[in-house]
Amino acid sequence: MKYAYSFLAVIALILIAWLGSQIPGMQYFFGVAVPYLAIMVFLGGFVYRVVYWAKSPVPFSIQTSCGQAKSLDFIKPNRLECPTTNAEVVARMALEVLTFRSLFRNTKSEIYDGPKITYESSKWLWLFGLMFHYSFLIIVIRHLRLFLNPVPEAIAWLDWADSMFEIGTPAMYMTDAGLLIGLLFLFTRRLFNRQVRFLSLLNDYFPLVLLFAIGVTGVLMRMFLRDGVDINAIKQLAVGLATFSPVISTDIGAIFYIHLFLVCILLIYFPFSKLMHLAGVFLSPTRNMRNNSREVRHINPWNPDIKPHSYAGYEDEFREYMVEAGIPVEKEPTPQKDEA
Amino acid sequence: MAVAKLEQLSQSVVQGPSLATGAIPTKDWMDIPVVFKPGNYAFPAKKDKVEYLNSQSGLHFPNARDWSPEDDDWQLPENWKEIIINGLRERLEKFRSLKIFMDCCVRCGACADKCHFFLGTGDPKNMPVLRAELLRSVYRNDFTLAGKVLGRLAGAREVTPEVIKEWFMYSYQCTECRRCSAFCPYGIDTAEVTIVIRELLHLLGIGINWILEPVSNSNRTGNHMGLQPHTFKDNVEFLADDIENLTGVRINPTFNRKGAEVLFITPSADVFAEPGLYTAMGYLILFEHIGLDYTWSTYASEGGNFGLFTNNESMKKLNAKMYAEAKRLGVKWILGGECGHMWRVVHQYMDTMNGPADFLEVPKSPITGTVFHNAASTKMTHISEFTADLFKHNKIKVDKSRNDYLNVTFHDSCNPARAMGLLEEPRYVLKHVVNNYHEMPENTIREQTFCCGSGTGLNTDEIMELRMRSGLPRANAVKYVEEKHGVNMLSCVCAIDRATLTSLMSYWNPNVGVCGISELVGNAIVLDGENRAELDEGLRTLL
Amino acid sequence: MELTEALHNNRYTIVDKWVVYTLATYQATDFLNKEKDRFANPIGSTIRTSLKTLFQLLLKGGDGAGYAEPLSQIMHLRSVQEFTPSQAVAPLNAVKHIARDILAADKQTKDLVKDLYDFEFAVDLAVLAAFDLYMQCREKVYRIRIAEIKSGAAILTDSACPSKALKNIRKINE
């Protein structure tokens with residue numbers, strides 16, 4: 001049911017954008033007001049969330065060491081999995097963020113029982129996850145060409161590289177396919193892997209469906225519904241938005257408004273959802289701390305003042321036994337008084 | 001017709017609300033209640049222990065009472081909900097890790113099948129992600145906008161007595177081994193979540209006796225076992241007697257001696273219970289052999305710290321004795337024995353909590369002159385680091401063949417592996433003292449090591465079945481090397497391991513024993529002036 | 001066709017169904033079925049390997065001498081997994097019904113169903129052996145408990161000191 005709600009929500013959003021943008025005058029609302037609102041919510045929410053996290057201190061040094069630590073000279077440390085310097089932490093983080101190191105960690109042994117069909121099933125998550133995220137990143141960067149005039153060379157090059165196989169007219173972007181295939185995998189995995197389905201929430205299905213709808217409307221606009229879409233008008237609007245002087249042309253098709261509206265919803269949804277893992281991964285103490293906690297003292301700002309049960313109290317209680325057992329004491333026992 | 005019979009068979013046995021068995025859950029996990037029955041929960045802490053702890057300065061263990069998890073009514077204090085929500089708020093403000101781990105999980109499921117409790121029980125609520133969701137759902141409900149607006153649709157739920165029961169069940173089916181954290185793309189560490197849930201439960205007077213009693217003992221007598229100073233000394237001297245019987249060499253360890261160069265601290269189980277005893281004999285032989293100027297302490301006679309399994313305040317209070325005693329005795333540095341969670345505390349918490357230890361010197365091996373820079377601030381060195389360095393400099397005379405009656409493998413204990421990165425030192429030492437050595441499969445050792453299944457104070461006998469099933473992944477890997485290479489000894493560097501793996505092995509792999517690394521070192525050492533008979537079973541030989 | 005031959009020919013299907021049936025008694029069935037790495041999935045792989053071996057032995061018939069080895073693996077697992085004794089053993093019985101279903105479903109083997117008596121008797125022997133093993137495992141668990149208590153680990157919670165200290169505190173307060 002949870003996934004069904006996600007579909008319903010996205011369909012409702014599509015209808016709102018589609019019908020809404022047909023109402024005369026509402027183009028300005030969907031083309032200008034909503035995008036500005038979305039950007040503001042996104043930036044504001046993003047900063048708010050990061051500040052909210054950062055306000056809490058990291059009281060203890062709780063890195064997860066995933067390799068040999070630096071100890072004796074003759075024992076080779078694993079600098080990437082168990083960093084001791086800031087540079088090594090950066091490298092570890094880069095490996096994590098750029099290659100999804102931890103997801104890849106599922107090294108399997110050589111011994112298998114039964115058919116090898118499900119061989120390293122968990123690597124698929126890594127592969128499709130990586131594919132989705134990189135495709136998404138490149139797509140976002142590619143879209144900058146709409147906002148920038150003239151288009152920077154790097155972006156133009158990226159655009160060319162992404163469509164270099166020249167499949168179809170206009171040439172299909174590889175990343176569009178990568179994004180959609182990745183999302184499809186992540187969605188079906190959530191649905192059919194019972195374990196994952198058991199723990200999935202509406203908040204897990206919804207962004208997948210939303211992103212998929214964004215991808216599909218984008219591809220539709222470029223590949224199939226080109227006639228209804230005036231790319232120049234879009235560029236004019238995008239550049240206008242970027243320079244705070246938006247111009248709405250009436251020639252922009254409904255499909256564009258749907259696409260744009262869904263993107264705006266994504267931006268608004270982002271800071272309040274698990275999508276914030278984008279920022280969170282950098283702040284995760286188990287990954288971003290150095291494993292040098294015995295070499296350099298880590299400071300806890302709220303370190304409470306707690307004293308141990310004192311040695312004096314301990315000796316007072318056990319002094320006779322200690323003296324009898326020949327254990328040195330600080331104070332010699334006082335002779336027993338018979339006052340009672 | 002026959003199909004009907006098969007269905008009947010299923011129905012006739014699939015009865016009762018058992019968690020690990022029965023029908024496939026078609027319900028949402030939030031709708032599956034927990035059921036406590038003998039054998040699936042550890043006994044609650046005795047009222048007087050909780051009261052005692054609450055009376056200690058700096059500690060907070062309120063709401064002591066007599067209760068049982070099997071009761072319908074857990075006699076929660078009247079304002080329990082307020083206590084939980086405020087407690088959670090306070091911890092969110094204190095721990096960034098908690099906020100990040102609450103917000104960032106994408107429920108990708110990478111951790112799901114990495115937990116030994118899940119692998120051994122097949123209970124979906126033992127998937128680390130779901131264990132965290134138990135708390136996360138409450139966090140969403142009270143601390144996030146989406147949860148407040150969408151409620152259950154956004155995975156939020158109000159905290160109810162049922163939720164508290166669920167927390168108790170599953171936070172005490174987690175050994176804080178951090179294996180899931182190694183596989184999580186965001187490094188989400190279920191140990192942190194478990195720690196917070198347990199802290200919150202303590203605010204309601206909910207805890208288990210196997211943890212709180214050792215904490216009380218350790219606070220008062222200096223060790224979990226509750227050994228008083230003279231008993232502690234006697235026990236160590238018994239070990240020295242045994243060594244004399246076996247080798248003809250008399251060792252005279254000292255206690256609470258001021259002016260010694262090194263203070264030696266190890267888990268008290270090592271001087272009290274088998275097979276830790278043999279590890280302690282190994283320490284004694286090693287220190288005698290190299291002529292180390294060291295002392296034991298009866299006041300700081302516990303390396304382990306069950307405080308870690310309750311809350312950070314009691315962890316700090318117990319740990320503080322180490323520095324206090326080092327300062328009182330005027331030693332130069334501290335040497336720590338083989339222990340898992342002790343080393344998590346020493347490596348990641350001690351200096352922060354109770355440092356700076358500026359009255360100590362950076363550890364320097366008096367035998368080899370090696371300075372342990374990696375312990376420059378905490379001033380405490382691990383026995384495996386210390387011993388590996390001795391071997392590197394050829395300072396130990398050994399006869400490896402004395403361990404030939406063994407075929408050894410090494411179990412990486414969770415904390416030294418994933419909270420410290422101590423992987424190669426023990427192996428380096430082993431290489432120098434045993435001839436027959438085989439590693440277990442790659443995905444069950446080093447940073448991917450499987451827990452013994454009884455860590456974090458879950459090594460109590462009333463949950464033996466639970467321990468046997470959660471230890472299955474480890475036992476299963478041992479079985480493999482036993483069958484393939486004839487391995488008959490599982491070595492480790494952890495006191496809890498030594499005690500609990502012994503039970504685990506006697507259930508799953510009865511031909512495999514358990515030992516500490518130092519036992520093997522001690523057995524291989526050729527002491528000056530020794531008069532040693534043929535010892536068929538090394539230090540365990542009965543003469 | 002002979003019965004033994006028919007069962008042998010269908011061994012993969014039968015064992016597969018048997019394994020699926022047995023693993024269906026766990027909540028995380030899906031995972032236990034799919035994950036083939038024996039270290040990443042000890043329950044699944046133990047059940048699979050043991051049932052496979054057991055099935056071969058059942059086909060041979062005889063006095064059931066070799067059953068203990070594979071059964072012991074399964075019973076070690078199920079005796080500590082919150083199953084009642086009948087739940088723990090029941091999946092072994094299932095192979096009777098599975099074999100019958102499979103043979104009856106095929107025209108060529110349909111007539112052989114009436115000959116299943118010997119095979120089912122072999123299963124009965126296995127089930128009886130499994131009960132013994134179940135009890136052995138349970139007893140072992142209790143023996144381990146006792147061993148732990150004897151080894152002194154119980155001193156952790158049986159020493160009197162904190163409560164004694166508490167009494168002193170109360171005295172001071174009074």
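Naming: A, B, ... by sequence-line order, numbering from 1 per chain.
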> Is it true that B/R540 and B/E274 have a side-chain N and a carboxylate O under 4.0 angstrom from each other?
Replying inline: no

>> Please classify the contact of B/S506 with chain C as side chain, backbone, both or neither, using a heavy-atom distance under 4.5 Å.
In response: both

> Name the one of C/T109, C/V113, C/N10 that satisfies side chain to side chain contact (heavy atoms under 4.5 Å, CB included) with C/I102?
Replying inline: C/N10

>> Which residues pass the side-chain hydrogen bond (donor to acceptor under 3.5 Å, both in side chains) test with B/Y41, not counting sequence neighbours?
In response: B/E70

>> Can you tell me which of B/A269, B/P510, B/G120 forms the most heavy-atom pairs within a distance under 4.5 Å of chain C?
In response: B/G120

> So which part of C/L77 gets closer than 4.5 Å to some heavy atom of chain B, the side chain, the backbone, both or neither?
Replying inline: both

>> Quick check on the interface: out of B/T500, B/L277, B/N223, B/N476, who has the most heavy-atom pairs with chain C under 4.5 Å?
In response: B/N476

>> Before you tell me yes or no, could you show the steps for C/S79 and B/Y507 under side-chain hydrogen bond (donor to acceptor under 3.5 Å, both in side chains), namely the whole-Å CA-CA distance, both residues' side-chain angles and the distance that decides it to 0.1 Å?
In response: CA-CA 11 Å; C/S79 62; B/Y507 186 75; 2.7 Å; yes

> Who wins among C/T46, C/I43, C/I144, C/V80 for the most heavy-atom pairs under 4.5 Å with chain B?
Replying inline: C/V80

> Which residues satisfy the salt bridge (charged side-chain N to carboxylate O under 4.0 Å, His left out) test with B/D270, sequence neighbours excluded?
Replying inline: B/R498

>> Given heavy-atom pairs under 4.5 angstrom as the criterion, report whether the side chain, backbone, both or neither of C/R143 touches chain B.
In response: neither

> So what's closer than 4.5 Å to chain C heavy atoms on B/F450: side chain, backbone, both or neither?
Replying inline: side chain

>> Does this structure show an ion pair linking B/D461 with B/R467, if we count only N-O contacts that are shorter than 4.0 Å?
In response: no

